[in-house]
Enquirer: 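Before I ask anything, here is the structure I am working with.
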Number of protein chains: 2
Amino acid sequence: MFARVADRRKPNTIDDIGFASASHQTVNLVEFTYRKGAEIYGENEPAEHIYQVKRGAVRTYKMLSDGRRQIGAFHLMGDIFGLNNGERHRFTAEAVVKTTVRLIERKSLQTVAEADAVVARNLFSMLTSNLEHAEDHMLLPGRKTSVERVAAFLSEMDRRAGANTMSLPMSRRDIADYLGLTLETVSRALSRLHWAGVLTLSSVKKPI
Amino acid sequence: MFARVADRRKPNTIDDIGFASASHQTVNLVEFTYRKGAEIYGENEPAEHIYQVKRGAVRTYKMLSDGRRQIGAFHLMGDIFGLNNGERHRFTAEAVVKTTVRLIERKSLQTVAEADAVVARNLFSMLTSNLEHAEDHMLLPGRKTSVERVAAFLSEMDRRAGANTMSLPMSRRDIADYLGLTLETVSRALSRLHWAGVLTLSSVKKPI
DNA sequence: CGCCCCTTTGACCAATATCAAGTCATGTGG
DNA sequence: CCACATGACTTGATATTGGTCAAAGGGGCG
């Protein structure tokens, strides 16, 4: 059981590649780039920022007591993450691939929100969309078979990536930990969807 | 597959047993009592009220395309439910047992919230606790075995009911649909927990 | 080029779903 | 008051699915 944890790469250090600062509505924006696998924030760490994915993809997860990892969400380009009411992050966030994020200071955002009803409303609706995603993910146990789950996952990614051909930056293990399956089962399910003609090779094999 | 749906009782009509009105902070409070199995609101219906459980218990669920039912949450005494940002309810709500709820008009609440920062903050934190529950439930697929899932469920109910002996108003099927198991598996898991001495008969067999 | 990591695939096994029977409590009508 | 129907639960036998263990491609990067 703990093998899963043991053979996971040590968290990488932050790549200080990109660093830009801008002022927008008195909210400080900072960009940061993380390399593949790097931790953006850890579970229970003080939540001092919220984040937006500028480029790349992020996974947020919790480790369970038995060493399993449950991924709660993938965040793609444009998505906001790290937003929660509490003082501390409830999940760990890692870059799935080399990823650039915008950081927004929690405090400064809060200040603006209290003065500006529009910002407050936006915060509220961001929180709501987080909730809706969580609720959708909650429906997963109802999706019984592995093929159904994987198909639902692909459908979600397809919808969200929006673009022509969908890219799947995350590994089989990531998908498995998102769906509550093993990576072998995910692989088999993808194969079966293949033979069923639902997928073209290009749409799965990371076209870019 | 559809048998599951077919053999489910038609929604009962509302029992107009209790009806009381009070004025509190310019928000209209109305009480309503539903009998066991009665629908409180349906998925996709306009969300004109939010609710608080005064007595009894409520389940909120979605029907999946194949006729399966996924219960998203149980709401016990004191819990607020039906709260979401959108115009329409995303789940169906039903009384698990004879249940009395307080209704609060969405509009009037919104009016108060915009004037009163405290009310707004309360709304925000209620939404957050909803989100946290959903996130916790999202971790379910990680809990592999049926016994683990049922134990986690009991633990949750124990924590929430708070009282001395816990009552489980919901049926095995409800629990199953909450945990993504079958009712037989839930029954077996409860039996095993029994033999393991984790449960006393009284704590499961609805002491009241 | 060769190593490493990710993925695929296979064989086997354990766990849950499914199908089915039987118990128990409750309620109903003769 | 009893016979019977009904619904919720438990328990058993069997089938199916996904997990586990293992081996073998295949692609990228030093």
Side-chain angles (χ1 to χ4, degrees), chain A residues 1-4 6-10 12 35-37 64 66-69 96-98 140-151 153 167-195 199 201-202 204-208, chain B residues 1-4 6-10 12 35-37 59 64 66-69 96-97 140-151 167-177 179-195 199 201 203-208:
Chain A
M1 280 306 169
F2 272 97
R4 264 204 172 173
D7 72 3
R8 190 157 291 139
R9 247 43 66 243
K10 262 281 159 221
N12 303 343
R35 71 169 191 236
K36 179 173 176 171
L64 303 179
D66 66 345
R68 290 196 167 223
R69 177 182 69 160
V96 173
V97 292
K98 183 176 166 183
L140 197 84
R143 302 259 160 61
K144 1 166 232 338
T145 73
S146 62
V147 175
E148 269 184 303
R149 291 195 186 189
V150 172
F153 169 76
S167 70
L168 290 180
M170 65 288 292
S171 70
R172 299 289 184 262
R173 166 163 297 199
D174 284 340
I175 299 174
D177 288 349
Y178 182 67
L179 298 176
L181 300 170
T182 61
L183 76 176
E184 293 97 328
T185 301
V186 170
S187 182
R188 279 185 251 268
L190 284 170
S191 296
R192 272 190 251 173
L193 288 168
H194 243 195
W195 310 149
L199 299 174
L201 278 142
S202 65
V204 178
K205 297 278 189 177
K206 312 183 184 178
I208 265 193
Chain B
M1 281 306 170
F2 271 97
R4 264 203 173 175
D7 71 6
R8 191 157 290 142
R9 244 47 61 247
K10 263 280 159 224
N12 303 344
R35 71 170 190 235
K36 179 173 176 170
R59 57 174 172 256
L64 303 179
D66 66 345
R68 290 198 164 221
R69 178 182 70 159
V96 173
V97 292
L140 196 86
R143 301 258 160 62
K144 4 168 227 337
T145 74
S146 62
V147 175
E148 268 184 304
R149 290 196 187 190
V150 172
S167 70
L168 290 180
M170 65 288 290
S171 69
R172 300 289 185 262
R173 167 164 294 195
D174 284 340
I175 300 173
D177 288 349
L179 297 177
L181 300 169
T182 61
L183 76 177
E184 293 98 328
T185 301
V186 170
S187 182
R188 279 185 250 268
L190 284 171
S191 296
R192 273 189 251 173
L193 288 169
H194 241 199
W195 310 148
L199 299 175
L201 279 143
S203 70
V204 179
K205 296 277 190 174
K206 310 183 186 175
I208 274 192

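Note that the structure is a prediction, hence the values are computed from the model and not measured. Numbered from 1 within each chain, the chains take letters A, B, ... in sequence-line order.
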Enquirer: Of all heavy-atom pairs between B/Ala189 and B/Ser146, which one has the smallest distance, and what is that distance?
Expert: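 Closest approach of B/Ala189 to B/Ser146: CB-O, 4.2 Å.
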
Enquirer: What closest approach, in Å, do A/Arg149 and A/Arg143 show between heavy atoms, and which atom pair accounts for it?
Expert: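 Reported closest heavy-atom pair: NE-O, 3.0 Å.
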
Enquirer: Taking only nitrogen or oxygen atoms into account, show me every contact under 3.5 Å that the protein makes with nucleotides 19-25 of chain C, one pair per line with its distance.
Expert:
from   : atom 1 : to       : atom 2 : distance (Å)
C/dC19 : N4     : B/Glu184 : OE2    : 3.1

Enquirer: Which whole-number value in Å describes the distance from A/Leu193 CG to C/dT7 C1'?
Expert: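 Interatomic distance, CG of A/Leu193 to C1' of C/dT7: 16 Å.
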
Enquirer: Is it the case that the side chain of A/Ser187 and the backbone of A/Leu183 share a donor-acceptor pair, with hydrogens and angles ignored and the cut-off at 3.5 Å?
Expert: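 Here the side-chain-to-backbone pair does not exist.
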
Enquirer: Take the C1' atoms of the five end pairs on each side of the helix from C/dC1-D/dG30 to C/dG30-D/dC1, get both axes, and report the angle to 10 degrees.
Expert: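 The value is 30°.
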
Enquirer: Atom CD1 of A/Ile175 to atom C1' of C/dT7: distance rounded to whole Å?
Expert: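 Distance, rounded to whole Å: 11 Å.
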
Enquirer: Detail all sub-3.5 Å separations between protein N/O atoms and N/O atoms belonging to nucleotides 15-18 of chain D.
Expert:
from   : atom 1 : to       : atom 2 : distance (Å)
D/dG18 : OP1    : A/Ser146 : N      : 2.4
D/dG18 : OP1    : A/Ser146 : OG     : 3.3
D/dG18 : OP2    : A/Ser146 : OG     : 3.3

Enquirer: In whole Å, I'd like the distance from the CZ atom of B/Arg143 to the P atom of D/dG19.
Expert: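 Going from CZ in B/Arg143 over to P in D/dG19 covers 17 Å.
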
Enquirer: Would you mind reading off the distance between B/Arg68 atom CZ and C/dT16 atom P, rounded to a whole angstrom?
Expert: 14 Å

Enquirer: If we only count heavy atoms from C-beta on, is the A/Leu168 to A/Phe153 side-chain gap below 4.5 Å?
Expert: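 Yes, close enough: below the 4.5 Å cut-off.
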
Enquirer: Any side-chain heavy-atom pair from B/Arg59 and B/Met170 closer than 4.5 angstrom?
Expert: no

Enquirer: Without decimals, in angstroms, what is the distance between A/Arg172 CZ and C/dC5 P?
Expert: 18 Å

Enquirer: What integer distance in Å separates A/Asp174:CG from C/dC6:P?
Expert: 10 Å

Enquirer: Could you tell me the separation between the CG atom of A/Asp66 and the P atom of D/dG19, rounded to a whole number of Å?
Expert: 13 Å

Enquirer: Does B/Glu148 reach the side chain of B/Leu179, with side-chain heavy atoms less than 4.5 Å apart?
Expert: no

Enquirer: A/Arg173 CZ to C/dC4 P: how many Å, rounded?
Expert: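 So the two atoms are 18 Å apart, to the nearest Å.
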
Enquirer: For a quick test of reading the model, state the closest non-hydrogen atom pair linking A/Val150 to A/Val186 and the distance between them.
Expert: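 Residues A/Val150 and A/Val186, closest heavy atoms: CG2-CA, 4.3 Å.
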
Enquirer: Closest approach of A/Arg192 and A/Val147, non-hydrogen atoms and distance?
Expert: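 It is NH1-CG2, 4.1 Å.
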
Enquirer: Grab the two heavy atoms, one from A/Leu140 and one from A/Tyr178, that are nearest each other, plus how far apart they are.
Expert: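 So the minimum-distance heavy-atom pair works out to CD2-O, 4.2 Å.
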
Enquirer: Looking at every heavy atom in both A/Ala176 and A/Thr182, which two are closest together, and how far apart are they?
Expert: CB-C, 3.5 Å

Enquirer: Quick one: is C/dT9 close enough that its OP1 or OP2 comes under 4.0 Å of any side-chain N or O from A/Ser191?
Expert: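 For C/dT9, OP1 or OP2 has a side-chain N or O of A/Ser191 closer than 4.0 Å.
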
Enquirer: Working to the nearest 0.5 Å, report the span between CD1 of A/Ile175 and OG1 of A/Thr185.
Expert: 12.5 Å

